[in-house]
Number of protein chains: 2
Amino acid sequence: MHNVLLIVEYDGTAYHGFQTQPGLSTIQDELERAVFLITGERSRVSGAGRTDAGVHAVGQVVNFKSHSILAEQTLLRALNAVLPDDIAVKHCAVAGPEFHARFSAKSREYRYSIINREAPSALARAFAHHYRRRLDLDAMQDASCSLVGTRDYASFSRVGTTTTGTTRTVMSATWKREGDWLYFYIEANGFLPQMVRGIVGTLIWVGTGKIDARGFHEIMLARDRRLAGPTAPAKGLCFMSASY
Amino acid sequence: MHNVLLIVEYDGTAYHGFQTQPGLSTIQDELERAVFLITGERSRVSGAGRTDAGVHAVGQVVNFKSHSILAEQTLLRALNAVLPDDIAVKHCAVAGPEFHARFSAKSREYRYSIINREAPSALARAFAHHYRRRLDLDAMQDASCSLVGTRDYASFSRVGTTTTGTTRTVMSATWKREGDWLYFYIEANGFLPQMVRGIVGTLIWVGTGKIDARGFHEIMLARDRRLAGPTAPAKGLCFMSASY
């Protein structure tokens, strides 16, 4: 029995997120279907990040158990041949028996992309949030610094039950500008549901001057989702990588 | 009467090219429809490059005549509000009365994008040609140098009638690598139908070692489309800019 690791890129536009949901099309379903078509095995595919509906990935890490004797490059080619063209396997390797894409991950990194100008983008319309009003990136970076550390991020996350509490550790939270494009990179040991999008929606408030860095910090401390900004659109979010 | 200049970005996937064709959906049709919706005028929209079906643009230049008194930023916003989201106006300005996007252009630049690796890309699947076999970029660059100058490019272009002959002047033809991505930038005073795609298809022959730089040069000199390589897929091609 092999423990197969894949690195997967996907355009999440057409899917209801990574994780299997009854009656809905998901990335996990497509991967499990592809594995079945190639190996004949009904394996469960686990992913490092349970991305929401409409969220993309360039470096999602998944694993599954298989008896397949196909070489890694052959398996990669075969999976890509049967996957829809909005999901692509970029790398395939055999991992140690204990490796689990989700539970073994020490950290995950996401990127949120904003096009900050009057004109929308035709080519990137599915991969970035178009925001017209000029954003003050320095102010957003200042406020982002208070995210780093071990904190309770309940203010930024979807309200609902969680079995693991609302405290996580953020290692870094950094904005970069390239022309009219703003990129927010955030790495943490784990993320609450819609946490990055809640953070970005609130940092946009900072960028427009509606609140300042102190106000952002106070919203975080309050642990109350009702105080924070709107959840930024899913299409701007992309799962970058997981570290083990 | 104003002469309005627009810089337009589009995802050509859903269109039968730039130029109006009976019964087919084109970029020109969508732009003329948008201008009519905003100004009430049935203006002809002229473009610097008549891109083929499936070809994209990030800097297409167009112009049209209008009596509209809308300010430039207002017109940009209004046009974007009625255009489909795969076409975006990035810039709007009033040009001199003599300006014509097509006839005034001194040169045009195109980019052709290739993903050169085993794994396809999910996010860029509509914007690059996926080519698995390893390409020798140095050999392709060597061969490309013979394109520069005033030459007859009949070998690389769609066979058919042309009113302006098959000689053009190529100012530059340069390959760049970024990881697994190869980009071909070519600037010329004008291009024959499918000329860039014919050149790229033949340069891929060079990249695989099927022909060398001398063979490429001989194909160009022969002025015979049957000798050259296949027309590279439209989706890898993007109109970058026009110079005046």
Side-chain angles (χ1 to χ4, degrees), chain A residues 6-15 27 30-31 34 51 55-60 71-93 111 113 115 117-128 130 132-133 179-180 235-240, chain B residues 6-15 27 30-31 34 51 55-60 71-93 111 113 115 117-128 130 132-133 179-180 235-240:
Chain A
L6 305 177
I7 296 179
V8 183
E9 175 176 316
Y10 50 83
D11 173 352
T13 307
Y15 298 95
I27 305 296
E30 293 291 343
L31 290 170
T51 56
V55 173
H56 315 294
V58 295
Q60 175 72 279
E72 294 161 12
Q73 276 301 94
T74 309
L75 187 55
L76 180 146
R77 202 172 302 188
L79 290 171
N80 281 325
V82 297
L83 281 166
D85 68 358
D86 50 8
I87 304 178
V89 177
K90 295 167 83 174
H91 187 69
C92 175
R111 180 186 63 200
S113 303
I115 302 177
R117 66 182 185 207
E118 172 55 37
S121 167
L123 298 189
R125 68 192 184 282
F127 306 111
H130 178 218
R132 287 186 165 80
R133 198 167 151 197
D180 297 329
K235 67 177 183 177
L237 189 60
C238 186
F239 185 98
M240 300 302 284
Chain B
L6 306 177
I7 296 179
V8 183
E9 176 177 317
Y10 51 82
D11 173 352
T13 308
Y15 298 94
I27 305 294
E30 292 291 343
L31 289 170
T51 55
V55 173
H56 316 293
V58 296
Q60 176 72 278
E72 293 159 14
Q73 276 302 94
T74 308
L75 187 55
L76 180 147
R77 200 171 303 189
L79 290 171
N80 281 325
V82 298
L83 281 166
D85 68 358
D86 50 7
I87 305 177
V89 177
K90 293 166 86 175
H91 187 69
C92 175
R111 179 187 64 201
S113 303
I115 302 178
R117 66 182 184 207
E118 171 55 36
S121 167
L123 298 188
R125 67 191 185 283
F127 306 111
H130 178 217
R132 287 186 165 80
R133 199 168 150 195
D180 297 328
K235 67 178 182 176
L237 189 59
C238 185
F239 185 98
M240 300 303 283

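Looking at every heavy atom in both residues, Y10(B) comes nearest to L123(A) through O-CD2, 3.3 Å. Among all heavy-atom pairs drawn from P120(A) and A88(B), the shortest one is O-CB, 3.4 Å.
Between chain B and the options A119(A), C238(A), G12(A), the largest number of non-hydrogen pairs under 4.5 Å is found for A119(A). When each of V8(A), D85(A), I87(A) is checked for heavy-atom pairs under 4.5 Å with chain B, D85(A) comes out on top.
Within 6.0 Å of CZ on R132(B) lie more than 12 heavy atoms contributed by other residues, nucleotides or ligands.
For V58(B), the part sitting under 4.5 Å from any heavy atom of chain A is the side chain, from C-beta outward, and nothing else.
Considering only residues two or more places apart in sequence or on other chains, T13(A) meets the side chain to side chain donor-acceptor pair (under 3.5 Å) condition with D11(A).
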Pairs of donor and acceptor atoms involving the side chains of residues 76-84 of chain B, under 3.5 Å and at least two apart or interchain, shall be tabulated with distances.
| from | atom 1 | to | atom 2 | distance (Å) |
| --- | --- | --- | --- | --- |
| R77(B) | NE | E118(A) | OE1 | 3.4 |
| R77(B) | NE | E118(A) | OE2 | 3.1 |
| R77(B) | NH2 | E118(A) | OE1 | 3.3 |
| N80(B) | OD1 | V89(B) | N | 2.7 |
| N80(B) | ND2 | L76(B) | O | 3.3 |
| N80(B) | ND2 | V89(B) | O | 3.0 |

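Using modelled atom types, no side-chain atom of E9(B) and backbone atom of S121(A) make a donor-acceptor pair closer than 3.5 Å.
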